Every structure is written in structure tokens, then in C-alpha cells.
Protein chains: 2
Amino acid sequence: MAATMKDLSRETGLGLATISKYFNGGTVREKNRVLIEAAVKKLHYVPNEVARSLKTSHTRVIGVIIPELSNAFITSIISSMEDILRKQDYAVIVCDCRSDPKREKEAVDFLLHRRVDGLINMATDTTGAHLKAPLASGIPVLLVDRLIDSLQGKVSAVVIDNVHAAGQAVQKLTSLGHRQIGLILGSPNLYTTNQRLTGYLNALQDAGIAPDNEYIRYGDYTMDGGYQAAQELLKLKNRPTALFVTNFEMTLGTMLALQHNNIRVPEDLSVIGFDKLELFGEIFPDLTLIRQPQLSIGREAANLMLDMLSSKETGVSRIVTLTTELTEGKSVKALKV
Amino acid sequence: MAATMKDLSRETGLGLATISKYFNGGTVREKNRVLIEAAVKKLHYVPNEVARSLKTSHTRVIGVIIPELSNAFITSIISSMEDILRKQDYAVIVCDCRSDPKREKEAVDFLLHRRVDGLINMATDTTGAHLKAPLASGIPVLLVDRLIDSLQGKVSAVVIDNVHAAGQAVQKLTSLGHRQIGLILGSPNLYTTNQRLTGYLNALQDAGIAPDNEYIRYGDYTMDGGYQAAQELLKLKNRPTALFVTNFEMTLGTMLALQHNNIRVPEDLSVIGFDKLELFGEIFPDLTLIRQPQLSIGREAANLMLDMLSSKETGVSRIVTLTTELTEGKSVKALKV
DNA sequence: GCCTAAAAGCGAAACGTTTTATTTATTCTA
DNA sequence: TAGAATAAATAAAACGTTTCGCTTTTAGGC
């Protein structure tokens, strides 16, 4: 049905190799160029990437495996990644594994069958077992947002400095006199959860404050979870004077919980949130928060992947650590001592 | 590097065709089956989908073009679609065109080059010009969420009955005595926007109420837009007694605006929202809203696409219209007359 | 105009599968 | 146990590109 290069060859009277050269940026005599272009138009020729892939043994497809597609932070990273990759003519196959390691492994196999040129993974399986095969096959593998201990030195990654980010937020609070600081974390055992907890604990220690487990809650990185965690913290007999919430959805949930309870920010309670997404826009313009550069994360990941694809040196591990920013708002007040 | 069927053939002493038959479900003598499986294990053979695609001239890839990846309604549809398609061994290439018709057209071309087996599109370009080529090429094209007039009869689609959905909501309000009903719509000229507006106007007419343009606002389908639109409606001298908000993000924005203004729902103002997404969870359990079955939309779309792929009849147009549901909460009160 | 160097064009093989038409092996019947 | 009928295995061609090693054409200098 569709026209092939062979048809172009017949139509123009030129050799197949010449047609191919034309499409691959080689030089072709002016009159032949015209001839070819006319034939392309006439026959509605569209190059067959599949055949090209078979021959060149690269597909210009990147597999992206994520825990959840319904997460604003993740989609904004993917968005910026996809944008850059597509501009370089790379397609992105997204696999949502619903935070299930089994599905994640299946996704890896699925993508490997399809001979993707590279793999970008926001990992669910914290052991890294699922990445054995792709690593062995020699294709570039890139972790995003979450490192995996056992893969250290074997894999590249783009992350933020979570310890520092959390430390910065908490230190801000302690420096203003807060000593009872509620922390709302994501799911236990995740890399980011652990790192942010570490940052929190470090900052408390620096301020000479003993941590209280009552103040540490896990909100599953969902709006609902954040809402619940905030509710619980508010019910404590010894209610915290400040809250540090460690992602976007949970921050939203927390703010809603506060509003439902008629708690004023910062008069009654100080809050530092996490992630500035477009959604926030004008709605909480006064929120003090830790801003993760999700656009940069996506951009760095895409560019790092492109680098890895074009450099022959395989098995090199590069870790890009991006820094977060504390955006001052009006949701934190100094405690009168 | 990677093992091929030819290697298996050499290893087992069997013919290439036999190996192929084995992989494609043909019958093979027991001892040969064992032989092949051993060789597969030994050589770490992984089938090359690219070669297979070239030969069979289908790629088992579906292209999905959407206006925006950062939209909870859209990602929840994609999520459920991807799930079903991947189970049938179809990969999904997602292209986010940022609501830009030019990018949308580019995405179509991009996917066509890659010889996707089918195209699913939540269309940005309301003229449908971008779908000419794929339609002509004979691959299945499926619209989701938004119809395109000029393509009627030429293309299949999965949509909800927007006119009815909006009518249902507004009729609920009028039946309870509301006559000043604010409407917060998405971007002008979109299919869903127009349809929902029609449903609103119909219901007003049925109730003998003359529409007031002041009450009709466009919130761009974003949380921010919804927030702004609500703010504006609240400032009207003749403030509406009820609000109907036509998507998830804007509903969220509206609720925040109400909370910021200390307006109680439903005591001070009745609200009917749109879209029940997981995010909502426990947070607004009492919100009355129109529930779009996004999981079903994704499922129906995936299944319809699979149908189209397996049936030879090309160019048949099937429109699946799903119904919405009015979920009663406590955010609407009857007006004392 | 002739010769040479450089540029452009060419045929054929290859990438890793599937498939068709054919050959070979197996099973069953009598 | 021969022969027919059936089941399984096979070789070779094809899918639409790229690329290698050669041949032909062109342009330039004298």
C-alpha cells in the first residue's frame, strides 16, 4: 500500500542507495534532489521507521517506567522530558506500574522486547532487581527522583538533594523558634521519604531538639493521605506549632484540612509545603515552600539520556543532583519565646 | 550481540521456520520444544519485535495524542487505557501537544512515521484537519472525550453525554428553587465546553429562566481558572445562589475560593462539581457532583481500539456514549421560596 | 580537450523475523 | 508391514531500510 524507497527508485530512475543517501543528509545532485522530492510528493512516501530500526538496530524509543501516572509531580517531569526527547525524534513509551514491583518488572521486559534504546525509571522496586537485565544488555538506564543503593556506581541518575531540602525547611522553622514540628512524609521505605526524614532529623539535632515520633506521619504522597495526616497531627494533645509537608498532593490535603478546621496560617500554625506546580498558581500565593525544579529534572534527565545514547562509553555512572529552593511566603511566623 | 532465531536454529539443529512456529503457537514435537526452550535459556534469546513488526507490518503500538499531560482527568483515562492495551501486548506512545494544534499535527506525523497501528486522540484542533492523513492511511482512529463535527461518520469515538450531564446538574438546582446559577466552563470553543453550555441553557429554558451572561464564566479547565472564575462570580452584585463547575480542577479551585471567602457550602451557596477523582477521596465527601466514568472511558476506548484493530472492516464509525451520574452529597440546599 | 581527483551514484548483501510451498517424518489402517 | 493420510520440519523469499565496495560522472587545472 504505502510507497517505499524502491518505488521512489523506480519513479526517479535512481538507485536505491542514492535515495537512501538523500534521506540521510548525504549530498545528491541538484536535479536528482528535485526528482526525488517530486516523487516523494507524488507517491506520498513516508519513511518506514521500523525498517530503519531493524537495519540500524536502534529504535529511537525511550521507555519510561513510573509508579503512577496520576501524580502531578511525575507528569510534569514526564511532560518536560517528552518534550525534549520528541524534539530529537525520540518517542516515549510510558508504562505506569501502579507502584507494584511485579508490574514494574513486567514493564521492563516489555520494553526490552521492543528494543527501546534507553530506559528511564522512577523506581518502585527498591532492590533494583528489575534493572539487572537492561543493565546487562548495555542500554543506558537512568534513575529519576529515587536512587537505589545496590546500583550505586552502575547507573546514572537525576535527583534532588532531599536531605538538604528538608534540612533547609526545618532549619527555617527552628530558627524562628519552633520546637514542635510536624512532618508529613510519603510512603515508608521510599528513597525520598528516607532522605527527607534524615534531613528533618539532622535539622532537629542541629537545633538541639529531641525528635518525637508522634510528630512524624506518613501520608502516602496523596492528597488524601496528607489530609488525614494533618488531621491526626491537629488532634494531638501537644499540637505542633509548625508543619513541614513533603510533596505537592499532601500539601494540598494539609491546607484543606487546616481550612476545614478553621486554622489560620500562619497565625495559628506555620506551614512549609513542597513542590510548586502550576496548579498552585494564584491559590496559595503566600505559601512558603520547597520548590523542586521539576522542569529541570525532566530536562536534565532527557539531556543526560541523550548524552548516554550518543556516547559510546557504556557503564559510566553520572549522578546529577539538582538543588531545591526555599520560596519565602507568608505561611511561617516567628514564635514569641 | 543479542541472540537471534538463527542462533537458536544453529544451537538446536532445527530449521528457522520451526523456531518461528514454536514462538507463534504452532505445534512442535515434544523433544524439539524442550530443545528450543533450553536454547532460549542458554542464549538469553529475546524476540526482536522490530523485525517482527517489519515482517508483519504491524507494530503493536498505539499512538495517543492529548492536549495536556498535567490534567488528572486525562491521566486517569490514559492510565486505564494503557493498562488494558499493555495486557494485550500493545505499547502506548504518549504525545502531549500542550493544547497546540501545530504540535498536535506534528505528533500525528511523528506517530505515522513510526507506523503505529492505531491513533487515539483527545483533539485540540477542532477542525479535524490533523486527522486527514491517518484516516486516509486506513489505520483506526479513535476520538476520546471530544467529537469533531467535520469527521462525523468517518471516525469512531468514546464520549459522555455532556448535554445530559450538565442538564441533570442544572435541573437539580432549578428543581430546588435556584434561579441564579453560576456556570464555570472550560476553554471556549471546545466540544465539551459547548455541550455543557447547551445542557445548562436547556435546563434553564425548561425551568423558564432567562440566561444571564454574567453568570457564565470560562475557567480554562485549570484549578487556577476555576478559582478566578469563582472569585468573579462571588463579587457580582447579584451573586448566584448556586454554582455548577464543569471539571475537576476547576471544582477544586472553586472550593478553595469559597473557603478563602469564608463561604459555607451549602448554607451560603450551593455547589455541584464535576469529576470524581481519587484525589478527592475523603476531602470533599459531601460534594454533590457529576461523575464521569473515566475508568470506563479508558476501558471502552482501549477495547474499541482493540476491536477496530482486529476487525478487517475499515472506515466504520462507532460512537460509544457513556452516561454520567449525579452523585448526591450535601453541597446543595433547597431555596426557601 | 585531457587527465586527475573528488563527488555522486550504484548493486547487492544484510538486519531478524514470518510465511509459502515443499519435503520429510510419524501414525494409523488394513 | 506396506501404504495412505496426517503432522511436523524445512529452505528460501520477503518485509523496507542502510551500508560497503565499486563504478561512473563531474569539475578543475593546464
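Quick caveat, the model's predicted, so the values are computed rather than measured. Throughout, protein chains are lettered first and strands after them, A, B, ... in sequence-line order, and every chain is numbered starting at 1.
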Establish, with yes or no, whether the OP1 or OP2 oxygen of [N] is under 4.0 angstrom from a side-chain nitrogen or oxygen of [X].
{"X": "B/Thr27", "N": "D/dA8", "answer": "yes"}
{"X": "B/Asn24", "N": "C/dT18", "answer": "yes"}
{"X": "A/Ser20", "N": "D/dT17", "answer": "no"}
{"X": "B/Arg52", "N": "C/dG16", "answer": "no"}

What's the closest nucleotide to the [X] side chain, out of [options]?
{"X": "B/Asn48", "options": "C/dT17, D/dC15, C/dG9", "answer": "C/dT17"}
{"X": "B/Lys55", "options": "D/dA14, D/dG16, C/dT19", "answer": "D/dA14"}
{"X": "B/Leu16", "options": "D/dT17, C/dT18, D/dT10", "answer": "C/dT18"}

5' priority, DNA chain D, between A/Thr18 and B/Asn32 [closest heavy atom]: B/Asn32
Residue pair A/Asn48 / B/His113, side-chain donor-acceptor N/O under 3.5 Å: no
No-hydrogen, no-angle side-chain donor-acceptor test under 3.5 Å, A/Asn24 and A/Ser20: yes
Classify the nucleic acid contact of [X] as base, sugar-phosphate or nothing, counting any heavy atom under 4.0 Å across all strands shown.
{"X": "A/Ser53", "value": "nothing"}
{"X": "A/Leu14", "value": "sugar-phosphate"}
{"X": "B/Tyr22", "value": "nothing"}
{"X": "B/Ser57", "value": "nothing"}
{"X": "B/Val28", "value": "sugar-phosphate"}

Ring centres under 6.0 angstrom apart (A/Tyr45, A/Phe23): yes
C/dG9 base / A/Lys21 side chain donor-acceptor hit below 3.5 Å: yes
Flag, side chain of B/Asn121 to backbone of B/Leu143, donor-acceptor distance under 3.5 Å: no
Length of the line joining A/Arg33:CZ and C/dA8:P, which is rounded to integer Å: 13 Å
